[in-house]
Amino acid sequence: MGVMTTAYTPQPQAPQAPQAPRRPQPLQPPSAAQGPQTAERHIAGRGTPDAEWQAWRGLAELPPITAADLAPTQGRAIIIAPHPDDEVLACGGLLQLLHAQGTRTVLLAVTDGTASHPGSGLLTPADLARLRPQETAAALRTLGLDGGNAPQLLRARLPDGQVRAHLEQLHTLLRQLLRPEDTVFVTWRQDGHPDHEACGLAASLAARACRATLVEMPVWSWHWATPGDHRLPWHRARRLQLGDEVLRRKQQAVQCFQTQLHDDPSSGQQAILPPHVLARLLHPYEIYFT
């Protein structure tokens, strides 16, 4: 049995007893009090070299954590990927370990990544809508996530690059999906990419409302931050060690995202995931903010 894919849309709530009217409270973007503004987390240029991160003792000294600690087997692990490839880059090792320990896993693809190649004559949004979900499916197979315990794959199909504008829709979806025993893995609320941050915000609010456990994952943070950067919550950071075979599968799975790995000569756009970006994300460990 392979990966099960479902288009997910929020369902109408069951009728309830009448209550006193209550003014709806719309979700709001993070305020200045919640952390630095996105402009301070600008993703441009080559970013912080991986060699600087590896030379920093702080990474090696982070408290260790296991997959069983992160997601106990009695609950589900809900993985929220803003774009196809985030689920592998952020937690491709953890996904394998959860599969091995028998944890039921649900992967929510928030967008189909159709805005990754603006102005391209080679990859149109329609091409990307078809290809990028196929790349995810191939990557999950490469990770060995098939058989009876394959992840359930849900697709929200929100517009790529516009998740913040659809925050209410994503929040509603998550409120209907989550259960108290679930552990939610999502990109960090201050990761630097607007879609990553919007997904983190919606997930944090939904997890709190549903009494689920929230775990956040840095992806683009390694680009704009620097070793020991006070803007990152190092007090919450935990290090999950990956074995050689788990790391090898993760590295191979990343190669399934061919649309993101090559320059686009038709638009002059460089690869979304060039070698210097992948170098910061393909180590024998993964970092989680618990």
Side-chain angles (χ1 to χ4, degrees), residues 35-67 69-70 79-83 85-97 116 139 143 185-197 199-200 214-257 260-263 270-290:
Q37 295 300 297
T38 306
E40 299 179 30
R41 307 186 291 275
H42 189 48
I43 300 171
R46 295 179 65 88
T48 303
D50 183 57
E52 291 188 18
W53 284 110
Q54 298 313 304
W56 181 48
R57 290 181 55 188
L59 276 182
E61 294 174 352
L62 290 176
I65 200 166
T66 67
D69 292 331
L70 284 166
I79 315 295
I80 301 175
H83 314 98
D85 69 22
D86 287 321
E87 70 283 345
V88 175
L89 295 172
C91 58
L94 175 65
L95 280 168
Q96 297 176 67
L97 298 175
S116 66
L143 292 176
F185 295 88
V186 66
T187 46
W188 183 39
R189 280 166 283 182
Q190 297 176 18
D191 198 41
H193 190 294
D195 285 348
H196 287 212
E197 299 194 358
C199 287
L214 180 74
V215 177
E216 295 179 274
M217 308 179 294
V219 177
W220 283 109
S221 306
W222 307 113
H223 183 96
W224 55 262
T226 55
D229 200 313
H230 70 278
R231 295 171 293 178
L232 273 69
W234 298 115
H235 63 287
R236 294 170 47 207
R238 299 294 183 269
R239 178 177 170 126
L240 175 69
Q241 199 66 29
L242 308 180
D244 292 343
E245 180 62 17
V246 170
L247 176 60
R248 184 186 67 81
R249 283 180 180 255
K250 178 176 178 177
Q251 292 170 333
Q252 290 179 339
V254 168
Q255 295 303 310
C256 295
F257 298 100
Q260 309 300 294
L261 297 177
H262 303 289
D263 297 344
Q270 295 184 339
I272 307 298
L273 298 174
H276 69 271
V277 170
L278 292 178
R280 295 187 288 254
L281 295 165
L282 295 177
H283 290 295
Y285 57 82
E286 292 170 346
I287 305 299
Y288 295 90
F289 298 150
T290 61

Strictly by salt bridge (charged side-chain N to carboxylate O under 4.0 Å, His left out), give each pair with a member in residues 271-290 just once, sequence neighbours left out.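 Non-adjacent pairs meeting salt bridge (charged side-chain N to carboxylate O under 4.0 Å, His left out): Lys250-Glu286.
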Distance from Leu242 atom CG to Arg248 atom CZ, nearest 0.5 Å?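 The distance works out to 13.5 Å.
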Distance, nearest 0.5 Å, that separates CG of Asp85 from CG of Leu261: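 One gets 8.5 Å once the value is rounded to the nearest 0.5 Å.
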Could you work out, with side chain to side chain contact (heavy atoms under 4.5 Å, CB included) as the rule, every residue matching Ala90, not counting sequence neighbours?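 So Ala90 forms a side chain to side chain contact (heavy atoms under 4.5 Å, CB included) with Met217, Val219.
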Is the backbone of [Y] close enough, under 3.5 Å, to the side chain of [X] for a donor and an acceptor to pair up by distance?
X: Trp188; Y: Ser221; value: no
X: Asp191; Y: Pro218; value: no
X: Trp222; Y: Val277; value: no

With sequence neighbours excluded, what pairs up with [X] under the side chain to side chain donor-acceptor pair (under 3.5 Å) test?
X: His283; value: Asp50, Gln54
X: Asp86; value: His83, His196
X: Gln251; value: none
X: Arg239; value: Gln241

Provide the closest heavy-atom pair for Ala237 versus Leu62 in the form atom of the first, atom of the second, distance.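 Scanning both residues completely, I find the closest heavy atoms to be CB-CD2, 3.8 Å.
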Search all heavy atoms of Asp263 against all heavy atoms of Ala271 and return the closest pair with its distance.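 Looking at all heavy atoms of both residues, the shortest contact is OD1-N, 2.8 Å.
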Taking side chain as C-beta onward, heavy atoms only, is Leu89 less than 4.5 Å from Phe257?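 Side chain of Leu89 against side chain of Phe257, heavy atoms only: no contact under 4.5 Å found.
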Over 60° means perpendicular and under 30° means parallel, so classify the ring planes of Tyr288 and Phe185, tilted if in between.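 Ring orientation of Phe185 relative to Tyr288: perpendicular.
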